[in-house]
Trainee: 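Pasting a structure below so you can have a look.
Since this is a predicted model, take the numbers as computed values, not measurements. Throughout, protein chains are lettered first and strands after them, A, B, ... in sequence-line order, and every chain is numbered starting at 1.
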Amino acid sequence: MNQKLPKKFYLQNDVVSLAQKLLGKVLCTHILGNFTSGIITETEAYAGMGDRACHAYGGKKTNRNQIMYENGGLAYVYLCYGLHHLFNVVTNQKGQADAILIRAIIPLDGIDVIKQRRKVKTKLPPYLSGPGVVTSALGINLGHYGKNLRGNEIWIEDRKIEIAQENIKIGPRIGIDYAGADAKLPWRFVYNLKF
DNA sequence: ATGTCGATTTGCT
DNA sequence: GCAAATCGACATA
C-alpha cells in the first residue's frame, strides 16, 4: 500500500507530462504530529529557463528559486504576494529548473486538522482549490523549502487512484499574463471531479 | 536606496 | 464586484 513515488519519477525531463501524472497522486504532510493528506487534482507545469512564466526564465537564479536547479524530488515553497505560500514539486535533473505547482487537492486524511487550519466552522468543502489554500490546509510553510519529498515530513504517494483521461481538463495557466505567448500554453491540468 | 509588481485569497461594499 | 494585505525579486537612479 501507500507507496511513496520513487526518486526516478521526479528526475524525468518532461515536466508537462509529469504534471499530468501527478493528478490522482496523494500529497501527504506530517507536521507537528499532525498527519494530513489530499489527492492532487490540479497542477501547472513550469518548464524552467525556457518558460517565461517560470521564476527561472532565462537562467535567472536567486536565493529564492535556486532549489529549482537541484535534482527533482524536492519541495519548492515560496511566498507570493507577501502572504501566500505556494507549493511546487521540483523535477528534472540538477541544472534544469523545472517545477510543478500544486493548485488544488481533495482532503483525505486529517480532516479535522485541515478544518482547524482553514478556520472552517462546520463542513469542509469537498475539495480545496487554490495554491495558497492547499498549503494552508496541509500546513506547508517556508520551513519546507528544499525538503526531500521522500522524507517523513512531506511526501507524495501513489495509491493507484485511477484517473480517466476524459476527466482531465487541460487549459492555460493562471495569473501569468505577463508571460506573453507562454501564458497561453496548455500546461494546466485539472482533474474534473464528479462524485 | 527606493519603487513597482507578482504563479493570490479574503472580506467588505 | 473590487480593494486590501504584505514581502521578495527586479528595475531604475
Trainee: Assign L79(A) to base, sugar-phosphate, or nothing according to its heavy-atom contacts below 4.0 angstrom with the strands shown.
Mentor: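 Sugar-phosphate: the residue L79(A), judged by heavy atoms under 4.0 Å, touches backbone atoms but no base.
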Trainee: N65(A) near the nucleic acid: base, sugar-phosphate alone, or nothing, with a heavy-atom cut-off under 4.0 Å?
Mentor: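 Answer is nothing: N65(A) stays at 4.0 Å or more from every strand.
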Trainee: Which of these nucleotides, dC10(C), dT9(B), dA5(C), is closest to any side-chain atom of L83(A)?
Mentor: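 That would be dA5(C).
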Trainee: Between dT8(B), dC7(C), dC10(C), which nucleotide has the shortest distance from any of its atoms to the side chain of H84(A)?
Mentor: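 Of dT8(B), dC7(C), dC10(C), dT8(B) is nearest to the side chain of H84(A).
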Trainee: What is the distance from NZ of K60(A) to C1' of dG6(B), rounded to the nearest Å?
Mentor: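 Rounded to whole Å, this separation is 15 Å.
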Trainee: Work out which heavy atom in P172(A) is nearest to a heavy atom in A183(A); give both atom names and the distance.
Mentor: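 Residues P172(A) and A183(A), closest heavy atoms: CB-O, 3.7 Å.
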Trainee: Base, sugar-phosphate, or nothing for Y57(A), non-hydrogen atoms under 4.0 angstrom?
Mentor: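 Here Y57(A) touches no strand at all.
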Trainee: Measure from NZ on K61(A) to C1' on dC10(C) and round the result to the nearest Å.
Mentor: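 Value for this atom pair: 18 Å.
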Trainee: Send over the distance from Y81(A) OH to dT9(B) P, rounded to a whole Å.
Mentor: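 For the pair Y81(A) OH and dT9(B) P, the rounded distance is 9 Å.
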Trainee: Using whole Å, what does the distance between atom P of nucleotide dG8(C) and atom CD of Q66(A) come to?
Mentor: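 About 15 Å, once rounded to whole Å.
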Trainee: Can you tell me the distance, in whole Å, between the CD1 atom of I176(A) and the C1' atom of dC5(B)?
Mentor: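 Checked: the CD1 to C1' distance equals 16 Å.
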Trainee: Indicate, with yes or no, if I67(A) and L101(A) share a hydrophobic cluster defined by side-chain heavy-atom contacts under 4.5 Å among Ile, Leu, Val, Met, Phe, Trp and Tyr.
Mentor: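 Linked, L101(A) and I67(A) end up in one cluster.
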Trainee: Taking the side chain as C-beta and beyond, is there a heavy-atom pair between R188(A) and E42(A) under 4.5 Å?
Mentor: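 Answer yes - side chains close enough.
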Trainee: Without decimals, in angstroms, what is the distance between L128(A) CG and dT8(B) P?
Mentor: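 That distance rounds to 17 Å.
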Trainee: Before accepting this row, confirm whether a basic side-chain N of the pair E70(A)/K94(A) lies closer than 4.0 Å to the acidic partner's carboxylate O.
Mentor: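 Yes, charged N to carboxylate O under 4.0 Å.
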Trainee: Out of dA9(C), dC7(C), dG6(B), which has the shortest distance to the side chain of R64(A)?
Mentor: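 Nearest to the side chain of R64(A) among the choices is dA9(C).
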Trainee: Please report, rounded to the nearest Å, how far the C1' atom of dC5(B) is from the OH atom of Y78(A).
Mentor: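 The distance from OH of Y78(A) to C1' of dC5(B) comes to 12 Å, rounded to the nearest Å.
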Trainee: Any side-chain heavy-atom pair from F189(A) and V16(A) closer than 4.5 angstrom?
Mentor: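 SC-SC contact between F189(A) and V16(A) confirmed.
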Trainee: For R188(A), report the nucleic acid contact type (base, sugar-phosphate, nothing); a contact means any heavy atom under 4.0 Å.
Mentor: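 It contacts nothing in the nucleic acid.
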Trainee: Once you apply a heavy-atom cut-off of 4.0 Å, does R173(A) come out as touching a base, just sugar-phosphate, or nothing?
Mentor: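 No contact at all - R173(A) keeps every heavy atom at 4.0 Å or more from the nucleic acid.
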Trainee: Without decimals, in angstroms, what is the distance between L101(A) CG and dT8(B) C1'?
Mentor: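 One finds 11 Å between C1' of dT8(B) and CG of L101(A), rounded.
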Trainee: Of the nucleotides dT8(B), dA9(C), dC7(C), which one has an atom closest to the side chain of C80(A)?
Mentor: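 Between dT8(B), dA9(C), dC7(C), the one nearest the side chain of C80(A) would be dT8(B).
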Trainee: When you get a sec, tell me which of dC10(C), dT10(B), dC7(C) is the closest nucleotide to the side chain of R118(A)?
Mentor: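 So the side chain of R118(A) is nearest to dT10(B).
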Trainee: Name the closest nucleotide to the V133(A) side chain, picking from dT8(B), dC7(C), dT10(B).
Mentor: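 The answer is dT10(B).
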Trainee: I want to check something: taking the side chain as every heavy atom from C-beta on, are E44(A) and I174(A) in contact at a cut-off of under 4.5 Å?
Mentor: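 Touching, per the 4.5 Å side-chain cut-off.
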Trainee: Assess whether a salt bridge exists between D158(A) and K160(A), defined as any Lys/Arg side-chain N lying under 4.0 Å from an Asp/Glu carboxylate O.
Mentor: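 Judged by the 4.0 Å cut-off on N to carboxylate O distance, D158(A) and K160(A) do form a salt bridge.
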Trainee: Could you provide the dot-bracket string of DNA chain B, using ( ) for intrastrand pairs, [ ] for crossing pairs and | for bases paired to another strand, with Watson-Crick or G-U pairs below 3.5 Å?
Mentor: ||||||.|||||.
Trainee: Under a 4.5 Å cut-off applied to non-hydrogen side-chain atoms, are W187(A) and I176(A) in contact?
Mentor: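 W187(A) does not reach I176(A) side chain to side chain.
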